[in-house]
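Since the model is a prediction, treat every value here as computed from it, not as a measurement.
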Amino acid sequence: MFKGRSITLKHLMIDNVKHIGLIFKSDKVVQALVEKLPNICWSEEYGMYHIRNNRTNLRTIFSTFRGEVWINGNYFFENNSGLNPKNPII
């Protein structure tokens, strides 16, 4: 299943646009899955991959890693408020 693999989501602001930062230990499986994400970019400044923060991309992250990588959202979701439809993620 997860085999000790995990990825942590972080909030980033790049050029005044909200992004989702992806932090993970180097692993061939995780790297291959990250590279499947649409419009994924590497940030030298932050030392992590990132993707625009929107509902579609967040759903894509969860579906891409499902069953392969544990997603740590502790730094991303505050009291699960991001999951509340009245409080959008965007």
Side-chain angles (χ1 to χ4, degrees):
M1 185 107 140
F2 297 120
K3 299 181 183 176
R5 296 181 180 112
S6 68
I7 192 162
T8 300
L9 306 182
K10 292 277 193 163
H11 287 282
L12 294 179
M13 186 68 79
I14 300 175
D15 297 328
N16 291 321
V17 177
K18 293 180 182 180
H19 283 76
I20 302 169
L22 306 170
I23 301 172
F24 58 94
K25 289 184 181 178
S26 183
D27 178 282
K28 290 179 186 179
V29 172
V30 178
Q31 183 72 33
L33 292 170
V34 166
E35 290 176 2
K36 285 183 176 183
L37 295 171
N39 302 311
I40 191 78
C41 298
W42 173 258
S43 170
E44 286 291 332
E45 180 180 352
Y46 295 106
M48 68 179 82
Y49 283 94
H50 61 90
I51 189 169
R52 276 191 168 225
N53 184 348
N54 59 47
R55 286 186 185 274
T56 301
N57 286 341
L58 190 59
R59 283 188 198 113
T60 301
I61 288 169
F62 276 90
S63 66
T64 299
F65 296 111
R66 182 173 286 122
E68 295 293 329
V69 180
W70 174 258
I71 297 176
N72 178 357
N74 290 346
Y75 303 102
F76 194 78
F77 300 110
E78 294 181 31
N79 298 326
N80 292 326
S81 63
L83 299 176
N84 184 344
K86 292 182 182 177
N87 186 8
I89 296 167
I90 303 171

Side-chain heavy atoms under 4.5 angstrom apart, residues restricted to Ile, Leu, Val, Met, Phe, Trp, Tyr: same cluster for Ile14 and Ile61?
no
Distance check, rounded to the nearest 0.5 Å: Leu12 atom CG versus Ser43 atom OG?
7.0 Å
Does the ring-ring contact (aromatic ring centres under 6.0 Å, His included) test come out yes or no for His11 and Phe76, once each step is laid out?
CA-CA 6 Å; His11 287 282; Phe76 194 78; 4.2 Å; yes
How far does OG1 of Thr8 sit from NZ of Lys25, to the nearest 0.5 angstrom?
10.0 Å
Using the ring-ring contact (aromatic ring centres under 6.0 Å, His included) rule, collect all pairs that involve residues 24-47, keeping only residues at least two apart or in two chains.
Trp42-Tyr49
Could you tell me which non-hydrogen atom of Thr60 sits nearest to which non-hydrogen atom of Thr64, and how far apart they are?
O-OG1, 2.7 Å
Audit row: His19, Met13, side-chain contact (heavy atoms from CB on, under 4.5 Å) steps and yes/no:
CA-CA 6 Å; His19 283 76; Met13 186 68 79; over 6 Å; no
Is Phe77 linked to Ile20 within one hydrophobic cluster, defined over Ile, Leu, Val, Met, Phe, Trp and Tyr using a side-chain heavy-atom separation of less than 4.5 Å?
yes
Check: Asp27 side chain, Val29 main-chain N or O, donor-acceptor pair, under 3.5 Å:
yes
NZ (Lys10) and CG (Leu22) are apart, to the nearest 0.5 Å, by 12.0 Å
Among Leu9, Asn53, Ile51, whose side-chain contact (heavy atoms from CB on, under 4.5 Å) with Leu58 holds?
Leu9
Other residues, nucleotides and ligands only: do more than 12 of their heavy atoms fall within 6.0 Å of CZ on Phe62?
yes
Residues that Asn74 engages under side-chain hydrogen bond (donor to acceptor under 3.5 Å, both in side chains), provided they are two or more places apart:
Asn72
Do Ile7 and Trp70 make a side-chain contact, defined as non-hydrogen atoms from C-beta onward lying under 4.5 Å apart?
no
Is a side-chain donor or acceptor of His50 paired with a backbone partner of Met48 at a separation under 3.5 angstrom?
no
Side-chain polar contacts of residues 32-39 - donor-acceptor pairs under 3.5 angstrom, sequence neighbours left out - could you list them?
{"unit_1": "Glu35", "atom_1": "OE2", "unit_2": "Gln31", "atom_2": "NE2", "d": "2.7"}

Establish whether Ile23 and Val30 are linked, either directly or via other cluster members, by ILVMFWY side-chain heavy-atom contacts under 4.5 Å.
no
